[in-house]
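Reading through the structure tokens given below for one structure.
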Amino acid sequence: MNIISSDLVAAVKSIAPQRVAVAYIGKEWSDLIDTTTLKEIIVSPTLGSNPRAIVEVAKLLGWENVHFLNELHSKLYIGKKQLILGSANLSANGFGLNTQHEACVMLADSGALADANALFEIYKAEAQHQYHDMNSKLEQVDRLQAEWNLARVHGLLKKSGDACLTAMSNNQLFSQYDSDCDGLVYVAWYMSSGDYDYTEKVSEAVQHDIVSEIHLAADDQAPINQWVLSWAVTNKGYASKKIKPELLFIHEKIMHGVTDTDYEQLCYQRASLNTPPKPFDETDPLFIDCFRRVMDQDRFEELRGHIGEDVWYICNYKALTKEFLKELQEEYQRQSRR
């Protein structure tokens, strides 16, 4: 048995881990282990784990080999002939690359390896019970993204190290946006000619603090702590050529906050609160042109609302929104090459 308290990166890489079980995974995960030998991983999909890192490892291994166990706190790195266990999460902090002191032990006897693999199987079975398929894992990643966004809003995450949510900046081009890694951006239309007032539930202080807003049906599921691309629809049901789409971050909601017929749920961004980096630059002229072109396609008619018909719900079109963003990105890339 060897006790390791320095150069954990070299030690972990030396055993070529095939299975990893850690509480948290950070954005530097792929620099810390040999990714060519990794076959399976178990992580806790809670606030200490970086959602972008989780998606990246899933793209490498496949979602069937990435398992979520909420209560996991162990740190196991299991190779073919050796294993390492101790205090090291799969992150820069966990490997002691910042200011934290970490210690692990390296074991090489067959009995310890057998016990570690048996424990991994126990964790894996429990994880598969908690999150039984890819969709349940993706839904948890979305929830985790919202938790990270909320933590950023309240200044609870550092701007470096493991707590750096993504490599995004507010001028990131749409071609660099990845809805899986950067989080889904919801898409919501509005009528520019709409006539409404705030209700008594919205104080004057809040009214003065609102940067931008959208109105949803009272029983719709508001995307709190997430980004929404708000855009104007014409009376004929197409994207406005005069009004540009705008990203807003939904900090809060007020039920029955506006007198907007059928859409009385007020969702808004506040000037007094922090916002995470924008997922992409929506002011890019090429993006705006491509947005209008793709949104007006027949296949995305449902995203343009039902003017004068049924009440529209943003929560009903998550899958179609993902299809729209994918087609929009492909169109953006096509136009960029011209």
Side-chain angles (χ1 to χ4, degrees), residues 17-30 32-33 35 37-78 89-91 94 117 119-152 157 162-168 177-187 221-227 276 279 314-326 329:
Q18 297 179 338
R19 298 175 123 187
V20 171
V22 291
Y24 302 137
I25 181 172
K27 70 185 182 71
E28 310 88 345
W29 73 274
S30 60
L32 304 175
I33 61 172
T35 59
T37 60
L38 185 62
K39 294 181 179 179
E40 279 188 290
I41 188 169
I42 307 174
V43 300
S44 175
T46 52
L47 191 57
S49 286
N50 186 308
R52 185 184 186 92
I54 291 175
V55 173
E56 288 176 351
V57 74
K59 287 184 176 182
L60 175 68
L61 303 180
W63 280 106
E64 68 276 11
N65 295 312
V66 177
H67 313 289
F68 288 176
L69 183 57
N70 290 346
E71 300 82 10
L72 183 63
H73 198 258
S74 303
K75 291 87 178 176
L76 290 173
Y77 299 84
I78 307 172
N89 279 310
L90 187 51
S91 65
N117 278 299
L119 183 58
F120 188 95
E121 288 297 329
I122 292 172
Y123 290 158
K124 179 178 172 180
E126 188 175 346
Q128 290 174 334
H129 180 72
Q130 289 186 4
Y131 299 91
H132 57 278
D133 59 14
M134 181 181 71
N135 287 335
S136 62
K137 295 172 189 176
L138 288 172
E139 288 173 1
Q140 177 58 26
V141 170
D142 284 346
R143 288 190 288 268
L144 179 58
Q145 183 84 47
E147 289 178 13
W148 273 73
N149 286 341
L150 179 61
R152 291 290 290 271
L157 295 181
D162 300 328
C164 181
L165 180 58
T166 68
M168 293 188 301
Y177 167 68
D178 185 327
S179 63
D180 290 331
C181 291
D182 299 329
L184 177 67
V185 172
Y186 289 79
V187 178
Q221 184 177 341
I224 301 297
N225 300 315
Q226 301 197 58
W227 286 100
I314 196 172
C315 65
N316 289 348
Y317 297 105
K318 191 172 180 179
L320 188 59
T321 297
K322 289 184 177 181
E323 290 180 26
F324 168 76
L325 292 170
K326 180 179 179 182
Q329 194 151 56

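Remember, it's a predicted structure, so these values are computed and weren't measured experimentally.
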Sequence-distant partners of F324, ring pair (Phe, Tyr, Trp, His ring centres under 6.0 Å), two or more places apart: F291, F300
Test K39 against L61 for side-chain contact (heavy atoms from CB on, under 4.5 Å), laying out the working first. CA-CA 7 Å; K39 294 181 179 179; L61 303 180; 5.7 Å; no
Can you name the closest pair of heavy atoms from [X] and [Y] and give their distance?
X    : Y    : answer
T35  : S30  : CG2-O, 3.8 Å
L90  : Y77  : N-OH, 3.3 Å
N225 : N149 : O-ND2, 2.8 Å
I41  : F120 : N-CZ, 4.5 Å
W148 : N50  : CZ2-CA, 3.6 Å
I54  : S49  : CD1-CB, 4.0 Å

[atom1] of [X] to [atom2] of [Y]: how many Å apart, nearest 0.5 Å?
X    : Y    : atom1 : atom2 : answer
S91  : K75  : OG    : NZ    : 9.5 Å
E121 : N117 : CD    : CG    : 7.5 Å
L138 : L144 : CG    : CG    : 12.0 Å
I25  : I42  : CD1   : CD1   : 12.5 Å
L119 : I78  : CG    : CD1   : 7.5 Å
Q140 : Y131 : CD    : OH    : 3.5 Å

For residues 60-69, which residue pairs pass the side chain to side chain donor-acceptor pair (under 3.5 Å) check, not counting sequence neighbours? E40-H67
May I ask you to decide if [Y]'s main-chain N or O and [X]'s side chain share a donor-acceptor pair within less than 3.5 Å?
X    : Y    : value
W227 : L184 : no
N89  : V22  : no
S44  : N70  : yes
Q329 : Y177 : yes
K137 : A58  : no
T321 : Y186 : no

Check whether more than 12 heavy atoms from other residues, nucleotides or ligands sit under 6.0 Å from atom NZ of K59, and answer yes or no. yes
Does atom CD of E71 have more than 12 heavy-atom neighbours from other groups under 6.0 Å away? yes
Could you tell me whether K318 and E139 have a side-chain N and a carboxylate O separated by less than 4.0 Å? no
Ion pair R143/E147, N-O distance below 4.0 Å: no
Are the side chains of [X] and [Y] in touch, meaning some heavy atoms are under 4.5 Å apart?
X    : Y    : value
L60  : W29  : yes
I314 : Q221 : no
L38  : V57  : yes

Test side-chain contact (heavy atoms from CB on, under 4.5 Å) on V43 and Y24 and set out the steps. CA-CA 6 Å; V43 300; Y24 302 137; over 6 Å; no
